[in-house]
Every structure is written in structure tokens, then in C-alpha cells.
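Counting starts at 1 for both ligands and their atoms, following the listed order. Model, not experiment: these values are computed from the prediction. We count residues from 1, following the sequence as given.
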Amino acid sequence: MRTLPPGSTIGILGGGQLGRMLSMAAAQLGYRCHIYAPDERSVAAEVAAEFSCHQDDDIPALTKFAKACDAITFEFENVPVGPLHEIEECASLYPPIAALDIAQNRVAEKKFARDHGGTTAPFAEVYDRADLDQAIADIGTPAILKTIRMGYDGKGQSRIRPGDELCGHWDAVAHQPCVAEAFITFSHEFSVILVRGQDGEIRFWDTPHNIHEDGILAHSLIPAPQEIADQQDEARALAAKMAEAMAYVGVLTCEFFATKNGPVFNEMAPRVHNSGHWTIEGAVTSQFENHIRAICGLPLGDTGLAARKVEMHNLIGAEADDWEALLGECSNHLHLYGKGESRPGRKMGHVTKLHF
Ligand code: AMP
């Protein structure tokens, strides 16, 4: 275990709101953050000590950045893996690259979960039109076609209803390699959010009930209803097994469907996650702080609840324009990500409410 003293520099790959909230948590503990991102307008860079603006696969720029950091982490899972191997020697890199390799590929991810005893939706790999016909013949409809790589927030997905012409769905995913997944009948969605330290200690936060609208997380509510509470132990055991198998360090999020046959694993994010934003005020230690603690080799903070009930509501698109009204409710904790222009489907901020 390598403890990084406060004052050290933490490099963060990615410049979005997760990097912004990680940087603020790191600053509280006395660390400096250095953001590396391709966009000039990176909301994480606005709250960090340093910013390198280069493409993700610019190896000379990445190497220079890595040499200027004591530890490196990432805030989105689609960081290209190849260039990361080039900078591994320069600074400690957590979570491990192996976790990115798995999370970037929906087939690898589902197989990994199954190999560790988890249940996933029945699925078939689709590389061409004929595969799609066969997949739908095998798994039936309704189904969801998802690109194997680069999908998030419902992007790169097409929902197939009974009787649909498949051509339109194949076009909708731009003929990319896909998985066709059976549509799961679930009562609720939830996520297991854990942090694993360099010494292997694992702590879980309370399990949020996640409500999605148009494939995007809209609300996370704690405590979760009984149907989720009943499936929590099994889901946590799977997430912990997967974390151990990857020698994981940092925050790991696994998303599940609660079904009448138990938890069905949907996907994992090897990073802090939107369904954990409530932990900033709603838990004794936030996901952001514990991620920083883990990658710096510090003792992990208490993940216990700070209130009886916690609600997190995402502000998507124009919802964030109501900031004045939201601030007018004095119990709201308002977080705006500084993204300027609100566009439909864009995560602009969130609001957390605690109930004591
Ligand atoms: P994903 O990008 O896989 O997280 O999917 C986004 C959202 O679409 C999920 O949170 C669910 O609400 C829904 N969804 C994804 N896959 C399935 C499935 N196999 N069955 C039912 N709903 C799904």
C-alpha cells in the first residue's frame, strides 16, 4: 500500500462533472488535481489546479501529464486503454486497466458477471444483419439492441418491439457490433456502490433505488423499497467478487434489475457514478472522497447514512434553468455543473434533499 501525502498531484482523465466533483473532494483533503481532457471547455478544469487539453490517444502529451502526477484516475470509462499502458510506469493508476477493459465491452462485462455467479439478461452477439435475425429468433421480443462499445445514457441503443422490422433497428445502431438483449421485466432498478481500498477493504453505501426516464437516470432514492432490500446481499456479493477478481481500487458501481427471480446484473461503471451523487450530503463520506482516499492509500471513510431518507434528482436539460426556484426551497442542496448551455438529455446538475 502506497500512501500519497496531501499536497501530491492527482491526475484525472476526463473533464466532466464527475471529474469536477472528484477534484473538489480531493482539494478538501489537500491534494492538487490535474485534469487531462480533449475539450477546451472542461467543467472539471474550472475547479482544478492544472489542465492539459489534448486528445486521449496523444501519447507524448499523456506521458508528460503522467510524469507531472503522483497518481492517476479517470472519470469516464471510455478512456482508450492502449495509451494507458504507455503511462502505467509513470504514476500509480487506479482503478486498474483490467476494469476498463471489461467495462468497455458489453459482452466481456456480461461474461465476467456470469463467471462470478451473476445472472444477466439472455443475450446474443450481433455483428451483421443475419446475426440480428438469428438473435431475435433466439431471444424473442421485446429486446434491446446495444452497441458493444461506447454506449451510455441510453445512447447506442434501439428497443425492438414485437413485430418490428429489424432493418430500422440495425440502422439505428449504425451497423456497429452489438448485443441483442432480452427485455427484462423488473420491479425496480438499483445500484451497488462500493469502494475498495488498496488493502482490499470493501465498504458499501446504502443501495439507491434508481428511476430512469428515456434511458437516463432521473432519481435515486434511499432507502430503497423492500423488493430491492431483499436482493441487496446477493447483488453486493457479486459486486465484491468482481472487485476482488479485478484487484480493484476505488469506487465501483454495478447496476441491477430487481426481478421476481432475484437481481439481474445490467452493467458496471469502474468509477464514481451518478447514482452515488446523493452521498455528497446523504452519507458520512461521499463516493468522491472515498475514491480519492482509496487511490491515495488513505483509510476509507464511513459510508453510513447521514439522514433517515435521501432523494437525489438529476437536472436534465432545461430543468436546471429553474435554479432560482430550486434554491428557494431551503432544504435543497443544489449542484450545478457549470456546463453553460442546456440541451435536451444533457446532465446539467442535481438536487439532493435530506429528510431527518
Ligand atoms: P444501460 O445503458 O444498459 O444502462 O440501459 C439504460 C436503461 O435502459 C437501463 O437503466 C434500463 O432502464 C433500460 N434497460 C437496459 N437494458 C434493459 C433490459 N435488458 N431490459 C429492460 N430494460 C433495460
Side-chain angles (χ1 to χ4, degrees), residues 16 18 76-78 99-100 102-114 118-126 132 135-136 138-162 164 169 172-174 176-193 207-221 224-225 227-228 231 235 238-239 242 252-278 312-314 316 344-347 350:
L18 300 179
F76 76 120
E77 66 266 36
N78 286 322
L100 278 177
I102 297 166
Q104 287 179 359
N105 180 318
R106 287 192 187 270
V107 174
E109 185 176 62
K110 287 181 196 305
K111 287 184 176 162
F112 187 66
R114 286 184 176 179
T119 302
T120 71
F123 71 95
E125 295 172 46
V126 173
L132 179 56
I136 295 306
D138 292 343
I139 63 172
T141 51
I144 305 192
L145 196 58
K146 300 180 180 177
T147 55
I148 290 179
R149 291 184 175 274
M150 298 299 280
Y152 68 97
D153 282 349
K155 295 187 178 69
Q157 298 190 6
S158 192
R159 296 189 177 202
I160 304 175
R161 284 170 293 266
D164 277 2
H169 294 291
V173 293
Q176 296 291 307
C178 280
V179 283
E181 251 180 62
F183 202 85
I184 297 292
T185 305
F186 56 81
S187 65
H188 302 87
E189 292 187 70
F190 66 97
S191 48
V192 169
I193 311 165
T207 302
H209 168 207
N210 299 327
I211 300 171
H212 292 79
E213 289 166 7
D214 300 325
I216 304 179
L217 181 68
H219 316 282
S220 289
L221 310 172
E227 290 89 334
I228 292 176
Q231 307 199 357
L238 173 64
M242 297 197 327
L252 173 71
T253 309
C254 293
E255 295 185 77
F256 291 89
F257 303 119
T259 77
K260 65 179 186 342
N261 299 317
V264 171
F265 171 87
N266 181 29
E267 62 179 5
M268 72 175 193
R271 54 167 170 79
V272 287
H273 192 257
N274 194 170
S275 66
H277 288 0
W278 64 272
M312 189 287 302
H313 304 288
N314 264 344
I316 306 203
R346 195 173 195 207
K347 290 175 177 170
H350 71 269

- What's the shortest heavy-atom distance between F190 and T207, and which atoms? CD1-CG2, 3.5 Å
- Message: Below 3.5 Å, N or O to N or O, backbone or side chain included: is there any such pair between R106 and ligand 1?
- Response: yes
- Note on the structure: By ring-ring contact (aromatic ring centres under 6.0 Å, His included), F76 pairs with (sequence neighbours left out) none
- Looking only at heavy atoms, is any part of I144 under 4.0 Å from ligand 1, and if so is it the side chain, the backbone, or both, or is it neither? side chain
- Minimum heavy-atom distance A182-I139, with the two atoms named: N-CD1, 3.6 Å
- Query: Of all the atoms in ligand 1, which lie at a distance below 4.0 Å from a heavy atom belonging to E189?
  - Reply: 9 (C), 10 (O), 11 (C), 12 (O)
- Message: Taking distance alone, with N or O pairs closer than 3.5 Å, would you say A121 contacts ligand 1?
- Response: no
- Who's closest to atom 6 (C) of ligand 1 heavy-atom-wise, of S191, A180, G215? G215
- Item | Contacts of H169 that satisfy ring-ring contact (aromatic ring centres under 6.0 Å, His included) - sequence neighbours left out | none
- Look at K260 together with E227 and state whether they make a salt bridge at an N to O cut-off of under 4.0 Å. no
- Query: Taking both backbone and side-chain atoms of F186, is any N or O found less than 3.5 Å from an N or O belonging to ligand 1?
  - Reply: no
- Query: Can you find a heavy atom in the side chain of W278 that is under 4.5 Å from one in the side chain of P208?
  - Reply: yes
- ligand 1 atoms in contact with Q157 (distance to a heavy atom under 4.0 Å): 1 (P), 2 (O), 3 (O), 5 (O)
- Query: For ligand 1, which atoms have a heavy atom of E181 less than 4.0 angstrom away?
  - Reply: 16 (N), 17 (C), 18 (C), 19 (N)
- Compute the minimum heavy-atom distance from A182 to ligand 1 and say whether it is under 4.0 Å. yes
- Can you tell which part of N266 has a heavy atom less than 4.0 Å from ligand 1: side chain, backbone, both or neither? side chain
- Can you measure from OG (S191) to CZ (F256) and round to the nearest 0.5 angstrom? 9.5 Å
- Partner of E125 under salt bridge (charged side-chain N to carboxylate O under 4.0 Å, His left out), picked from K110, K111, R106, is K111
- Check whether any heavy atom of R159 sits under 4.0 Å from an atom of ligand 1. yes
